[in-house]
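Nothing here was measured: the structure is a model prediction, and the numbers come from that model. Atom set for the values below is all heavy atoms of this structure, side chains included, hydrogens, waters and symmetry mates excluded.
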Amino acid sequence: MTPRPTPGSAAESAVTAPAPGATQRLHLAAAGVSVVLDVTEGRIPALLHWGADLGMLGAAGLDAVCTASIEPVPHNAVDVPVRVGILPQQSDGWIGRQGLTGSRPDGSGWAPRLATQSISVDGTPLRAAHAETGAALVRFELADEELGLAVALEVELLPTGLLRQRATLTNTAASPYALEELTLTVPVPGDADELLDFAGRWGKERTPQRSTFTVGTHLRENRRGRTGADSAHVLHAGRPGIGFRQGEVWGVHTAFSGNHRHLAEQINTGDRLLGGGELLVPGEVALGEDEKYTSPWLYASYGEGLDAVASRFHRHLRGREHHVSTDRPVTLNVWEAVYFAHDLDTLTALADHAADLGVERFVLDDGWFGSRRDDTRGLGDWVVSADVWPDGLGPLVDHVTGLGMEFGLWFEPEMVNEDSDVARAHPEWIMSPSADRLPLPSRHQQVLNLSIPEAFEHVKTQMSAVLDAYDIGYIKWDHNRDLLEAATRSTGRAAVHEQTLAAYALMDALKRDHPGLEIESCSSGGARADLAVLERTDRVWVSDCIDPLERQQMNRWTAQLLPLELMGSHIASGASHSTGRLHSLDFRAASALFGHLGIEWDLTQADAEEITALRGWIRLYKDRRALLFTGDLVRADRGDSPLWLHGVVSPQRDRALFTLAAVGRSDRSQHDRLRFPGLDPESLYRIRPLPSEARTSSLIPPRWIQLAEEAAEDGGLLVPGSVLTVSGLAAPLLDPEQALLIDITRAEVS
């Protein structure tokens, strides 16, 4: 592709500044995505194209895109063509949901007419009428001088092709402005008739749900004060039959861990939008003169199929400066092994077993502090319990680190039991709309208001003292209840917004003061999983449910946003603690392998056969984690088949690891052929099931598996890439809740 010129070049900067109200147009392109932005006569910016790359357009081509998008004026409508802005407003003729809503104390200010005052690209003022560039950050300065409102709107196309937007609102008038909503949008085509987002509950996060894009608003509002197990996660629109590998798909994600919204809206003209932003409750944000509010980033991903949409999120996260190493340590969390029954001898024995298996990180969970012997008391008192740990945590930490493992520790910094020292000393720190009552308890706990500086400093000081005293490299940061009636108790003013920002600030401070510290975002499982919390954390605990059958679904769809290395995925004991189901070790391990592998199991109760098999799985994970955490996630479209096929393919397409999981039973005796997405059809590959310690116990193999096993010494059966990707291989017969791992490598051609 011909490189696009950079706005602000010497030739362009010589052009005189555009007159107020001028028309300016921009074309950004990166990684196969084009974004066309239009400011017609100084109005609010409109996104006229977001989708497949348009190639170099030039001034005439850019004008053509904009002209082609102008719709005729229908009867009984405003007398000019309506062009929907990124921040939709009624003054432009938009009769749908408004992007900015709020008012002054006298009731005025609710109908802004924002106009573009200036445009800059990567910090350089845009002086030309037309500009084309690659990935870039465009900043629009908008204002309604009469109402005393200014908005700095940022639209950024990242090198991954991921688009993101946010806005900063400033009140420029003396009168206060009560902000109700600031929601940004992106357009989708009129034939994107299908919506896909997610629901769920504790222990069953990321349950997909599909619906039809109709007139009206598909509104997903989250009022839990955290991302939520039932969050929309990513809201997609696409042509009917959205699949992993087929169909154009447009998706948005609101990057905020507090109350938030996602929406899909169509009005009777046929215009369709996706959008999102923070959900503010009345009185939560009131701006005085020159005060500002900045919205969360709204991320938008486009691609051919859901895998392409997910890949842009994954590449963005992997491109962060602070992204985790591919050597993600095998982790043992002791929760399901001991719960609150902490005992030095028991835990050191567990550590010995873990180190012998090759575990690299040992995490002590809830119960080490204050009076915390169960979940009814002690929460919020971050002082090592002298009753349980008379010599402190030192003996356990030293034992664990002496075995060559990293030590991790559980905290829940934003929560408090009423039966705790901190709650008795500072009841005013508990979030409540009134000094006379408390919100309903949940899991026997309330919320500690970190937006109160003294409360913030108290928690930070106690946590820092523990982190300073011991060699701790990892925090499991939990958040176990929704924020009901979350307000500052002394004033009754809503405080979820401030609480969310305070939680971010606490994470940032602890990481700044303790270089190398990793934080896991756990929230009664996967209820805080978003791109904002992942700016300061290194892993998400997908769910408290480690049942491998449930995890097949939850991991499958959590990966629509998160790459595998950020998804905590553990091998549990044979009987699931959350569902009661019994599963083979092979199925538990094969399900956990595609994520950041860990163990949640009392290893002292495992028999010799289980220990041998587990050692093999850990060895396999260590051998493949570089592939798992740098490769592209691929998921095969198999209709309603209970045989799910997904895998990871290296960027060079020379190596892949797939898993075939039987998540149910079919009403047919045979299954559709297996087609392996992501491989190179022009290459020759060797394919084989993995060795016996990574094999399912129940399998009726087709002929190709038998031949692959016979050719194991040569690396497997030779199969052309076109056969693997297009024609396919006969599917084996598996009993329900079994899995088969399939290794694929490019063959050396002499």
Could you tell me if the ring centre of F411 sits under 6.0 Å from that of W477? no
Would you verify whether the NZ or CZ of R551 falls within 45 degrees of the ring axis of W541 while also being under 6.0 Å from that six-membered ring's centre? yes
Of all heavy-atom pairs between R210 and L196, which one has the smallest distance, and what is that distance? CG-CD1, 3.8 Å
What class does the angle between the rings of H233 and H253 fall in, given that below 30° is parallel, 30 to 60° is tilted and above 60° is perpendicular? perpendicular
Do D530 and S257 have side-chain atoms, one donor and one acceptor, less than 3.5 Å apart? yes
Donor + acceptor pair across side chains of S523, R226 (<3.5 Å): yes
Can you tell me if E565 and H323 form a side-chain donor-acceptor pair at under 3.5 Å? yes
Using atom types as modelled and distance alone, determine if a side-chain donor or acceptor of R675 lies under 3.5 Å from a backbone N or O of R638. no
Run E520 and T537 through side chain to side chain contact (heavy atoms under 4.5 Å, CB included) and show every step you take. CA-CA 6 Å; E520 175 184 51; T537 59; over 6 Å; no
Do R539 and Y474 have side-chain atoms, one donor and one acceptor, less than 3.5 Å apart? yes
Do I546 and H577 have side chains that get closer than 4.5 Å, going by heavy atoms? no
Is the side chain of T579 donor-acceptor paired with the backbone N or O of R581 at a distance under 3.5 Å, no angle test? yes
Tell me whether D365 contacts the main-chain N or O of N333 through its side chain, where contact means a donor paired with an acceptor under 3.5 Å. no
R615 side chain to T612 main-chain N or O, any donor-acceptor pair under 3.5 Å? no
Under a 3.5 Å threshold, yes or no: a donor from one side chain and an acceptor from the other, between D478 and W410? yes
Does any non-hydrogen side-chain atom of L409 lie less than 4.5 Å from one of I475? no
Kindly indicate whether the side chain of I687, heavy atoms from C-beta on, has any atom under 4.5 Å from the side chain of T745. no
Going by atom types alone, do Q445 and R377 pair a side-chain donor with an acceptor below 3.5 Å? no
Report yes or no: is the cationic atom of R556 (NZ for Lys, CZ for Arg) closer than 6.0 Å to the six-membered ring centre of W644, at no more than 45° off its axis? yes
As a quick check of understanding, evaluate side chain to side chain contact (heavy atoms under 4.5 Å, CB included) for H646 and V634, giving each step before the final call. CA-CA 6 Å; H646 67 268; V634 293; over 6 Å; no
Mark yes or no for whether D230, through its side chain, and A199, through its backbone, hold a donor-acceptor pair below 3.5 Å. no
Tell me whether R588 forms a cation-pi arrangement with W617, defined as NZ or CZ under 6.0 Å from the six-membered ring centre and within 45 degrees of its axis. no
Compare all side-chain heavy atoms of K511 with those of E518 and state whether any distance is below 4.5 angstrom. no
What are the two closest heavy atoms between L679 and A656, and how far apart are they? CD2-CB, 3.9 Å
So, are R245 and D307 salt-bridged, with charged N and O less than 4.0 Å apart? yes
Report the residue from R312, R655, R653, R315 that forms a salt bridge (charged side-chain N to carboxylate O under 4.0 Å, His left out) with D632. R315
If you measure only the distance, is there a donor-acceptor pair under 3.5 Å linking the side chains of D352 and H399? yes
Answer yes or no: is there a side-chain heavy-atom contact under 4.5 Å between V334 and L350? yes
For D654, does its backbone N or O pair with a side-chain atom of D680 as donor and acceptor, under 3.5 Å? no
Do L614 and W601 make a side-chain contact, defined as non-hydrogen atoms from C-beta onward lying under 4.5 Å apart? yes
Can you check side chain to side chain contact (heavy atoms under 4.5 Å, CB included) on I742 and L690, steps first, answer last? CA-CA 6 Å; I742 300 169; L690 286 179; over 6 Å; no
Please list all pairs meeting salt bridge (charged side-chain N to carboxylate O under 4.0 Å, His left out) that have one or both residues in residues 590-606, counting only residues at least two apart or in different chains. none
For V234, is there any backbone N or O sitting under 3.5 Å from a side-chain donor or acceptor partner on H236? yes
Yes or no on side chain to side chain contact (heavy atoms under 4.5 Å, CB included) for L549 and E737, after CA distance, side-chain angles and deciding distance? CA-CA 7 Å; L549 181 62; E737 298 164 37; 3.5 Å; yes
Kindly say whether A532 contributes a backbone atom to a donor-acceptor pair with the side chain of R536 at under 3.5 angstrom? yes
Hey, mind stepping through D197 and Q209 against side chain to side chain donor-acceptor pair (under 3.5 Å) and telling me if it holds? CA-CA 6 Å; D197 61 358; Q209 58 182 18; 3.0 Å; yes
Taking S385 for its side chain and W389 for its backbone only, find out whether a donor-acceptor pair lies under 3.5 Å. no
Test salt bridge (Lys or Arg N to Asp or Glu O under 4.0 Å) applied to E406 - qualifying residues, sequence neighbours left out: R361
Quick one: do R686 and D714 make a salt bridge, cutoff under 4.0 Å? no
Side chains of I744 and F676, heavy atoms from C-beta outward: is any pair under 4.5 Å? yes
Would you call the rings of H583 and F587 parallel, tilted or perpendicular, where under 30° means parallel and over 60° means perpendicular? tilted
Looking at W368 versus F340, is the centre-to-centre ring distance below 6.0 Å? no
For E336 against A572, the heavy-atom pair lying closest together: OE1-CB, 4.2 Å
Side chains of L741 and L660: closer than 4.5 Å at any heavy-atom pair? no
Please say which of V649, V648, L740 ends up in a side-chain contact (heavy atoms from CB on, under 4.5 Å) with F658. V649
Minimum-distance pair of heavy atoms, taken over all atoms of L593 and L628: O-CD1, 3.5 Å
How are the rings of F198 and W557 set to each other: parallel, tilted or perpendicular (split at 30° and 60°)? tilted
Determine, for D366 against R372, whether the closest basic-nitrogen to carboxylate-oxygen distance falls under 4.0 angstrom. yes
Within the side chain of H316, is there an N or O that forms a donor-acceptor pair under 3.5 Å with the backbone of S311? no
Answer yes if the side chains of R206 and N555 hold a donor-acceptor pair under 3.5 Å, and no otherwise. no
